[in-house]
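Taking it in order: structure first as structure tokens, then the write-up.
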Amino acid sequence: MKSLVYIIRDDYNHPKEVIDPVMARVFDEEQWEVVLTDRTRDLIETESAVDLVMFFTNGRPAGETNMTPDEQRQIVRKVKGGMGIMFIHAGLVLIEPDSPFYVELNSGRFVEHSPHHVEVTNNPAASFKHPITEGVEAFMAIDEHYYCQVDTTRTDVILFSTSQHVTAAGGWAHRADAGKVVALTPGHNPEALGHPQMIQLMKNGADWAVRQS
């Protein structure tokens, strides 16, 4: 049986024309059923058993409001019940410090980014091995360097991202009851998101997030 993934993407700065071709390289159609949408509420409203959701944006199309705390809690319950969740780059935006995503899932949250696109070198953590970074080598791409708040006492930092400005957590992963949480900060533009090492990180992250063990 195929795993079902909802991919929430497409806004002015992170268009589907950039994201969708990369997703076709991440998700093998023989193993995954892929639903592409720009609405987070599609995930909330579906009656399908979703195995994984990926946030590339906050999923609020023009004319819609931000998710309410109760709507976030509905997604949190899905994760704690066994659904995997991945936040990629701008999927970490508009997460407040008192929100269910941050408080209950430790999603991490965007705080600031570099004032312009810079060379960002992404290095897997050297102190321990994690399935998400297996086979992944350090890579550099011109990118919008994200600086995020994340409670490092409640997660494993698996990737560090360094630019001329700062070294910051570039990726983290942990369990949330029966579900799993993954976050990766690279990926603003085609060069960064489509880099072979970034694609491998997303492949590994998706596989780990839906693995039962």
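- Side-chain rings of Phe56 and His14 stay apart, their centers remaining 6.0 Å or farther from each other.
- For the residue pair Gly171 and Leu184, the shortest heavy atom distance occurs at CA-CD2, 4.0 Å.
- More than 12 heavy atoms of other residues, nucleotides or ligands sit less than 6.0 Å from atom CZ of Phe128.
- The two residues Val181 and Ala176 make their nearest non-hydrogen contact at CG2-CB, 4.1 Å.
- A distance below 6.0 Å separates the ring centres of Phe101 and Phe87.
- Leu4 and Asp51 make their closest contact through N-OD2, 2.7 Å (heavy atoms, listed as atom of the first residue, atom of the second, distance).
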**Asked** Taking it one step at a time, do Ile85 and Phe55 satisfy side-chain contact (heavy atoms from CB on, under 4.5 Å)?
**Response** CA-CA 8 Å; Ile85 189 167; Phe55 282 90; 3.7 Å; yes
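- Ion pairing of Lys80 with Glu104 is present here, as a side-chain N (NZ or NE/NH1/NH2) and a carboxylate O approach within less than 4.0 Å.
- Between the side chains of Tyr6 and Ser48, no donor N or O sits under 3.5 Å from an acceptor N or O.
- With hydrogens and angles left out, the side-chain atoms of His89 and Glu144 include a donor and acceptor closer than 3.5 Å.
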**Request:** Give the C-alpha distance, both sets of side-chain angles, the deciding distance and a yes or no for ring-ring contact (aromatic ring centres under 6.0 Å, His included) between His145 and His113.
**Result:** CA-CA 5 Å; His145 193 191; His113 61 62; over 10 Å; no
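- Side-chain atoms of Glu33 and Val5, non-hydrogen and from C-beta on, never get closer than 4.5 Å to each other.
- Closest non-hydrogen pair, Gly81 versus Ala178, comes out as C-CB, 3.8 Å.
- With 3.5 Å as the limit, one finds no donor-acceptor pair spanning the side chains of Asp70 and Thr68.
- Thr185 pairs with exactly one of Leu159, Leu92, Ile88, Val120 by the side-chain contact (heavy atoms from CB on, under 4.5 Å) rule, that one being Leu92.
- When each of Arg211, Met83, His174 is tested with Lys180 by the rule side-chain contact (heavy atoms from CB on, under 4.5 Å), just one qualifies, namely Arg211.
- There is a side-chain donor-acceptor pair under 3.5 Å between Arg41 and Thr65.
- Using a 4.0 Å cut-off between charged side-chain N and carboxylate O, Glu45 and Arg39 make a salt bridge.
- Ion pairing between Asp20 and Arg9 holds under the 4.0 Å rule for side-chain N and carboxylate O.
- A donor atom on one side chain and an acceptor atom on the other are not found under 3.5 Å apart for Asp11 and Thr57.
- The 12-atom threshold is not exceeded at NZ of Lys129, counting heavy atoms of other residues, nucleotides or ligands nearer than 6.0 Å.
- Minimum interatomic distance between Met67 and Ile75 (heavy atoms only, all atoms of both residues): SD-CD1, 3.7 Å.
- Counting heavy-atom neighbours within 6.0 Å of Glu64 CD, excluding the residue itself, gives a total above 12.
- Remark: of the listed residues Asp151, Val150, Thr155, Asp151 is the sole one forming a side-chain contact (heavy atoms from CB on, under 4.5 Å) with Thr153.
- Sparse packing is recorded around NZ of Lys16, with 12 or fewer heavy atoms of other residues, nucleotides or ligands lying under 6.0 Å away.
- Shortest non-hydrogen contact noted between Phe27 and Ala206 is CE2-CB, 3.8 Å.
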